[in-house]
**Student:** 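Provided herewith is a single structure, encoded as structure tokens, for subsequent inquiry.
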Amino acid sequence: MVAGERQSLESWLDYQRATLLYKCQGLTGDQLAQRAVQPSSLSLLGLVRHMAEVERWWFRRGFAGQHELGELYCSDEHPDGDFDFAEGSGAEADFATFVAECALAREAAAGRSLDDTFPHPRRDISIDLRWVYVHMIEEYARHNGHADILREQIDGVTGD
């Protein structure tokens, strides 16, 4: 409960990452791919795929400047491919990709100052690593709220 800025940001982001995995624990691939309501393609598996995409985008493609990395599930033709193409049969591979992208995001930020910046690819502004951490915590918190509802809808489980 008492930490420096960097440790606090990293800890809260790791907590949010773990919360998403916790919400998915114990479900089958088909349950993970179950859609919220029509016409939405929102599912727990879609959230895992989306967050893997977002981890890659902000930490590696943006902050670390690894522009050569493609998107994992999305494309110009299918901008919501992370949600639209989430299939239960691919759940194990999708979770492995999520875990790997989180580890690679940690590596991209390791040893770097929170004040280090990079140019936003579509806007004429600079963004610092601190902003990326805060944005990621916000993004996870929002989607973990969705995950709460999805999990409760599937089997009634609630909690952290």
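Only a predicted model underlies this, so the values are computations on that prediction, with no experimental measurement involved. All values below come from the heavy atoms of this structure, side chains included, with hydrogens, waters and symmetry mates left out.
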**Student:** What is the minimum heavy-atom distance between A91 and L45, and which atoms define it?
**Tutor:** CA-CD1, 3.9 Å

**Student:** For Q66, does its backbone N or O pair with a side-chain atom of R60 as donor and acceptor, under 3.5 Å?
**Tutor:** no

**Student:** Angle class for the W57/H120 ring planes (parallel below 30°, perpendicular above 60°, tilted otherwise)?
**Tutor:** tilted

**Student:** Could you walk me through whether R49 and E53 pass the salt bridge (charged side-chain N to carboxylate O under 4.0 Å, His left out) check?
**Tutor:** CA-CA 6 Å; R49 289 163 52 98; E53 194 84 74; over 6 Å; no

**Student:** Apply side-chain contact (heavy atoms from CB on, under 4.5 Å) to residues Y140 and L13 and explain how you reach the verdict.
**Tutor:** CA-CA 8 Å; Y140 271 102; L13 181 52; 3.6 Å; yes

**Student:** Would a hydrophobic clustering, with Ile, Leu, Val, Met, Phe, Trp and Tyr connected at side-chain separations under 4.5 Å, put W58 with Y133?
**Tutor:** yes

**Student:** Step by step, would you call L42 with H146 a side-chain contact (heavy atoms from CB on, under 4.5 Å)?
**Tutor:** CA-CA 9 Å; L42 184 65; H146 298 136; 4.2 Å; yes

**Student:** In terms of hydrophobic clustering (I, L, V, M, F, W, Y; side-chain heavy atoms under 4.5 Å; direct or indirect links), are L47 and V99 co-clustered?
**Tutor:** yes

**Student:** How long is the straight-line distance from CZ of R17 back to CD of E55, given to the nearest 0.5 Å?
**Tutor:** 4.0 Å

**Student:** Do R151 and T158 have side chains that get closer than 4.5 Å, going by heavy atoms?
**Tutor:** no

**Student:** Which is it for E139 and Q16 under the side-chain contact (heavy atoms from CB on, under 4.5 Å) test, yes or no, and what are the steps along the way?
**Tutor:** CA-CA 9 Å; E139 178 112 0; Q16 295 294 338; over 6 Å; no

**Student:** Could you report the tightest heavy-atom contact between I127 and W131, atom names first, then the distance?
**Tutor:** CG2-CE3, 3.3 Å

**Student:** For I149, what are the other residues in its hydrophobic cluster, where any two members join if their side-chain heavy atoms are less than 4.5 angstrom apart?
**Tutor:** none

**Student:** Are V132 and L20 grouped together when hydrophobic residues (ILVMFWY) are joined by side-chain heavy atoms under 4.5 angstrom apart?
**Tutor:** yes

**Student:** Tell me which pairs pass ring pair (Phe, Tyr, Trp, His ring centres under 6.0 Å) where either residue lies in residues 11-54, with sequence neighbours left out.
**Tutor:** W12-Y15, H50-F83, H50-H143

**Student:** Answer yes or no: is there a side-chain heavy-atom contact under 4.5 Å between L9 and V134?
**Tutor:** yes

**Student:** Do V48 and L32 have side chains that approach each other closer than 4.5 Å (heavy atoms only, starting at C-beta)?
**Tutor:** no

**Student:** Of all the heavy-atom pairs spanning T28 and Q31, show the shortest one and how long it is.
**Tutor:** N-OE1, 2.9 Å

**Student:** With sequence neighbours excluded, tell me which residues meet side-chain contact (heavy atoms from CB on, under 4.5 Å) with Q38.
**Tutor:** none

**Student:** Does the side chain of D84 reach to within under 4.5 Å of the side chain of Y73, using non-hydrogen atoms?
**Tutor:** no

**Student:** Looking at E68, I want to see if its CD is surrounded by more than 12 non-hydrogen atoms of other residues, nucleotides or ligands under 6.0 Å.
**Tutor:** yes

**Student:** Locate the shortest heavy-atom distance separating R35 from S43; write the atom from each residue and the value.
**Tutor:** NH1-OG, 3.7 Å

**Student:** Donor-acceptor pair, distance only, cut-off 3.5 Å: does the side chain of D94 make one with the backbone of A86?
**Tutor:** no

**Student:** Of all the heavy-atom pairs spanning R61 and L69, show the shortest one and how long it is.
**Tutor:** NE-O, 3.0 Å

**Student:** Report yes if the side chains of R106 and D14 come closer than 4.5 Å at any heavy-atom pair, otherwise no.
**Tutor:** yes

**Student:** Just wondering, do F118 and L129 contact through their side chains at under 4.5 Å, heavy atoms?
**Tutor:** no

**Student:** Tell me whether F85 is reachable from V54 by hopping between hydrophobic residues (I, L, V, M, F, W, Y) whose side-chain heavy atoms are closer than 4.5 Å.
**Tutor:** no

**Student:** Take L104 and R56 through the test side-chain contact (heavy atoms from CB on, under 4.5 Å) and record every step on the way to the result.
**Tutor:** CA-CA 8 Å; L104 291 165; R56 174 181 276 214; 6.0 Å; no

**Student:** According to a hydrophobic-cluster definition based on side-chain heavy atoms being under 4.5 Å apart (Ile, Leu, Val, Met, Phe, Trp, Tyr only), do L21 and V157 belong together?
**Tutor:** no

**Student:** Looking at N144 and A147, would you say the former's side chain and the latter's main chain have a donor-acceptor pair under 3.5 Å?
**Tutor:** no

**Student:** So which heavy atom on A108 is nearest to which on A64, and how close?
**Tutor:** CB-CB, 4.0 Å

